[in-house]
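Beneath this line is the structure, given in structure tokens, with notes to follow.
When a residue number appears, it is its place in the shown sequence, counting from 1. Note: hydrogens, waters and symmetry copies are ignored here, and every other heavy atom, side chains too, is used.
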Amino acid sequence: MRISGKRVHITSSDRVIRLKCPTSWAKLSEEQLRYALTLIGSNLYTDVEVRTLLLIRLCGIHVVKQHAGGSWSCWVMQDGRRTYFDLRSWQVQSMIMQLSFVSKPDDMDVRLESIQGFKAADKLLHGLLFIDYLNIEMCYQGYLSTKDSGRVAAMARILYRDSEGNMPETMDLDIAEQTNVLFWYAHVKKVMARHFPHFFRPVGGNGTVDGMKLLDQANAQMRALTDGDITKEEQVRQSDCWRALTELDARAREAEEFNRKYGNK
């Protein structure tokens, strides 16, 4: 067996078996993504088990029998007929390295395109209102604190809309859909932290960002953006979240520069 690029080659008794396996989140089909999210979100399997089950499904491998010593009799469809081969544990360990991307949820740069007939927002939330972004962040932080799946459903109602942009009244998410929302937003937060390093600056010694402090900061900066004029708050809330965060990041940078110059005087 050898791995070359996207393809896995296993030599059987009479031919070379070529198995194609995705190597990134973006290369998963909608169905494959949903299956991967279901496995991960179930919390029933270890990371290695998740990748092994994915390998079996994505490569179309059918396991016939397990043998002592760590090998399996398997078959795949090739050229219109079943081709049988033996698969050994060391081969599986090598092959699942191509699926290491599923172990990095905050790198999931895709999302389920639709849930229950509702279409997903932009992958990085461009065009999403600032007030919607703040509500998503509050729900996300609430979920991290309580593990209440209702908070994830509330996030999904903002992130998925009908053809006219209306939010669903309720959403009852399955495991794949819940995991999708959490992984998607984790990736968005990672990208935003990279784009707005002054506003999304890490706090504490572990380099993490405290979400609730961010919300307090956002409320304080909301007042700054409106120059204390409460009548302007609605305009800020209805602005594009990326535009609002750009301004917040600029103001945070100005505050850092001011503190560096005058903070100790």
Side-chain angles (χ1 to χ4, degrees), residues 1-123 156 160 163 172-184 187:
M1 184 274 294
R2 57 193 173 86
I3 296 176
S4 177
K6 301 176 185 178
R7 296 182 181 274
V8 177
H9 303 271
I10 303 176
T11 303
S12 68
S13 58
D14 60 346
R15 64 174 60 191
V16 173
I17 302 170
R18 296 176 177 85
L19 304 176
K20 186 176 181 180
C21 188
T23 55
S24 68
W25 286 109
K27 293 177 181 177
L28 294 174
S29 68
E30 188 87 348
E31 180 183 355
Q32 291 170 341
L33 176 60
R34 180 175 280 274
Y35 178 66
L37 293 170
T38 299
L39 289 178
I40 298 168
S42 70
N43 293 318
L44 297 175
Y45 309 102
T46 66
D47 175 65
V48 170
E49 289 171 337
V50 166
R51 286 187 281 148
T52 301
L53 289 169
L54 274 175
L55 177 75
I56 298 298
R57 169 69 71 91
L58 301 184
C59 290
I61 298 172
H62 298 260
V63 178
V64 178
K65 182 179 180 181
Q66 182 176 2
H67 302 289
S71 66
W72 298 263
S73 292
C74 308
W75 63 266
V76 294
M77 291 297 296
Q78 194 169 58
D79 299 329
R81 67 183 182 88
R82 292 185 181 184
T83 299
Y84 289 85
F85 61 96
D86 286 337
L87 188 61
R88 295 170 176 79
S89 58
W90 68 266
Q91 292 175 311
V92 173
Q93 291 168 8
S94 179
M95 292 159 68
I96 64 174
M97 291 177 63
Q98 292 192 113
L99 292 164
S100 60
F101 63 89
V102 301
S103 307
K104 303 172 183 177
D106 58 354
D107 284 342
M108 193 181 85
D109 53 352
V110 294
R111 75 280 192 251
L112 293 175
E113 292 288 342
S114 63
I115 287 180
Q116 301 168 25
F118 296 93
K119 184 175 176 55
D122 176 81
K123 285 193 292 186
Y160 287 86
S163 58
D172 185 13
L173 306 181
D174 61 27
I175 292 174
E177 292 163 350
Q178 289 184 36
T179 309
N180 164 71
V181 169
L182 293 171
F183 283 15
W184 174 15
H187 176 68

Evaluate the side-chain proximity of [Y] to [X]: yes if any heavy-atom separation is below 4.5 Å, no if none is.
{"X": "Asp174", "Y": "Arg34", "result": "yes"}
{"X": "Met95", "Y": "Cys21", "result": "no"}
{"X": "Asn180", "Y": "Met108", "result": "yes"}
{"X": "Leu58", "Y": "Leu28", "result": "yes"}
{"X": "Val102", "Y": "Leu39", "result": "no"}
{"X": "Phe183", "Y": "Ile40", "result": "yes"}

Search all heavy atoms of [X] against all heavy atoms of [Y] and return the closest pair with its distance.
{"X": "Phe85", "Y": "Thr83", "answer": "CD2-O, 3.7 Å"}
{"X": "Trp184", "Y": "Lys123", "answer": "NE1-O, 2.8 Å"}
{"X": "Asp86", "Y": "Gln91", "answer": "O-OE1, 3.7 Å"}
{"X": "Ala156", "Y": "Val181", "answer": "CB-CG2, 3.9 Å"}
{"X": "Glu177", "Y": "Asp172", "answer": "OE1-O, 4.1 Å"}
{"X": "Tyr45", "Y": "Val50", "answer": "CB-CG2, 3.8 Å"}

Treating [X] as the side-chain partner and [Y] as the backbone partner, does any N or O pair qualify as donor plus acceptor under 3.5 Å?
{"X": "Glu30", "Y": "Glu113", "result": "yes"}
{"X": "Ser94", "Y": "Trp90", "result": "no"}
{"X": "Thr179", "Y": "Ile175", "result": "yes"}

>> I'd like to know whether Trp72 forms a side-chain contact (heavy atoms from CB on, under 4.5 Å) with Ile61, so could you lay out the CA-CA distance, the side-chain angles of the two residues, the decisive distance to 0.1 Å, and finally the verdict.
In response: CA-CA 11 Å; Trp72 298 263; Ile61 298 172; over 6 Å; no

Working to the nearest 0.5 Å, report the span between [atom1] of [X] and [atom2] of [Y].
{"X": "Arg57", "Y": "Thr52", "atom1": "CZ", "atom2": "OG1", "value": "14.5 Å"}
{"X": "Gln98", "Y": "Thr23", "atom1": "CD", "atom2": "OG1", "value": "7.0 Å"}
{"X": "Phe101", "Y": "Asp107", "atom1": "CZ", "atom2": "CG", "value": "11.0 Å"}
{"X": "Leu54", "Y": "Ile96", "atom1": "CG", "atom2": "CD1", "value": "10.0 Å"}
{"X": "Met97", "Y": "Leu99", "atom1": "CE", "atom2": "CG", "value": "11.0 Å"}
{"X": "Gln66", "Y": "Ser73", "atom1": "CD", "atom2": "OG", "value": "10.5 Å"}

>> Determine whether Tyr160 and Leu112 satisfy the following criterion, side-chain contact (heavy atoms from CB on, under 4.5 Å), listing intermediate values before the conclusion.
In response: CA-CA 10 Å; Tyr160 287 86; Leu112 293 175; 3.8 Å; yes

> Under the side-chain contact (heavy atoms from CB on, under 4.5 Å) criterion, do Leu37 and Tyr35 qualify, and how do the steps go?
Replying inline: CA-CA 5 Å; Leu37 293 170; Tyr35 178 66; over 6 Å; no

> Can Arg51 and Glu49 be counted as an ion pair, charged N to O under 4.0 angstrom?
Replying inline: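 No, no charged N to carboxylate O under 4.0 Å.
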
> What orientation do Trp75 and His62 show, parallel under 30°, tilted 30 to 60°, or perpendicular over 60°?
Replying inline: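 Judged by the thresholds at 30° and 60°, the geometry between Trp75 and His62 is parallel.
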
